[in-house]
Amino acid sequence: MRAAVIVALALGACGGPPAAPAGGGRCVSPAASVFERDTSLPGRRLAVPPECCFVPGPAGGQIRCPESALSWSLLPQPEAAARLLDQYVTTYRNTATGNVTERQAGCQLLGVPTTCWRFSALPPVGSAQPLHAVAGAITVEGKGLLAACQFYRGAGLPAVCRQIFTP
């Protein structure tokens, strides 16, 4: 349960028939019924771009795209999101490889000002692409929202993540 709640952030392309994601979830195509792809948050429904797929979770979900992933959990207790953000940061620190930089910076989640964690993992020369992550938590309509975005390019947040995050 802890790993599922911390926000599974595996990146994966969803071209063609959606592949079953690691961890036992299933990738739901953008053409699936609204019931199968509930991407609603308070005051907002998230779009699943055609090249991406939605993976439902027990308290939220993940939109996986070829070079990015947006994950979120909407929790009944606001303080739970802040605790899980701390766990996410610790997990990222302990599992990221290469030259990792981290910093806190102001951002907005669903238009609410907060402080986000930003990570960049620059792998050893000749291996994988740099991986970037942004994560934050807020209280919205009496619930805790934990959101995270991982992406491969460093030129700003991908469009899928800008549905929740504003730098």
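Any value given below was found using the heavy atoms of this structure, including those in side chains, with hydrogens, waters and symmetry copies removed. For this chain, numbers begin at 1 and follow the sequence in order.
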(Q) Return the CG to NZ distance between Leu74 and Lys143, rounded to the nearest 0.5 Å. (A) 5.5 Å
**Q.** Gln108 CD to Phe165 CZ distance, which is reported to the nearest 0.5 Å
**A.** 12.0 Å
Q | Distance (rounded to the nearest 0.5 Å) between Thr115 OG1 and Arg103 CZ | A | 11.5 Å
(Q) Can you give me the closest heavy-atom contact between Tyr88 and Ala133, atom names plus distance? (A) OH-CB, 3.7 Å
Q.
On a heavy-atom basis, which atom in Ala121 and which in Tyr92 lie closest, and how many Å separate them?
A. CB-OH, 4.3 Å
Q. Any donor-acceptor pair under 3.5 Å linking the side chain of Arg44 with the backbone of Gln163?
A. yes
Q: Measure the spacing between CG of Leu84 and CD of Gln77 and express it to the nearest 0.5 Å.
A: 10.5 Å
Q) Taking all atoms of both residues into account, what is the closest heavy-atom pair of Val160 and Pro49, and its distance? A) CG2-CD, 4.3 Å
Q | Euclidean distance, Leu157 CG relative to Ile164 CD1, rounded to 0.5 Å | A | 11.0 Å
Q: Could you pull out the closest heavy-atom pair between Cys149 and Pro158, with the gap in Å?
A: SG-CD, 4.0 Å
Q: Grab the two heavy atoms, one from Ile63 and one from Ala47, that are nearest each other, plus how far apart they are.
A: CD1-O, 3.5 Å
(Q) Here's a test for you: under side-chain contact (heavy atoms from CB on, under 4.5 Å), which of Leu110, Leu109, Leu145 qualifies with Trp72? (A) Leu145
(Q) I want to check something: taking the side chain as every heavy atom from C-beta on, are Leu131 and Phe119 in contact at a cut-off of under 4.5 Å? (A) no
(Q) Distance check, rounded to the nearest 0.5 Å: Gln62 atom CD versus Gln150 atom CD? (A) 8.5 Å
Q) Does Leu41 reach the side chain of Val140, with side-chain heavy atoms less than 4.5 Å apart? A) no
Q. What closest approach, in Å, do Ala137 and Leu85 show between heavy atoms, and which atom pair accounts for it?
A. N-CD2, 3.9 Å
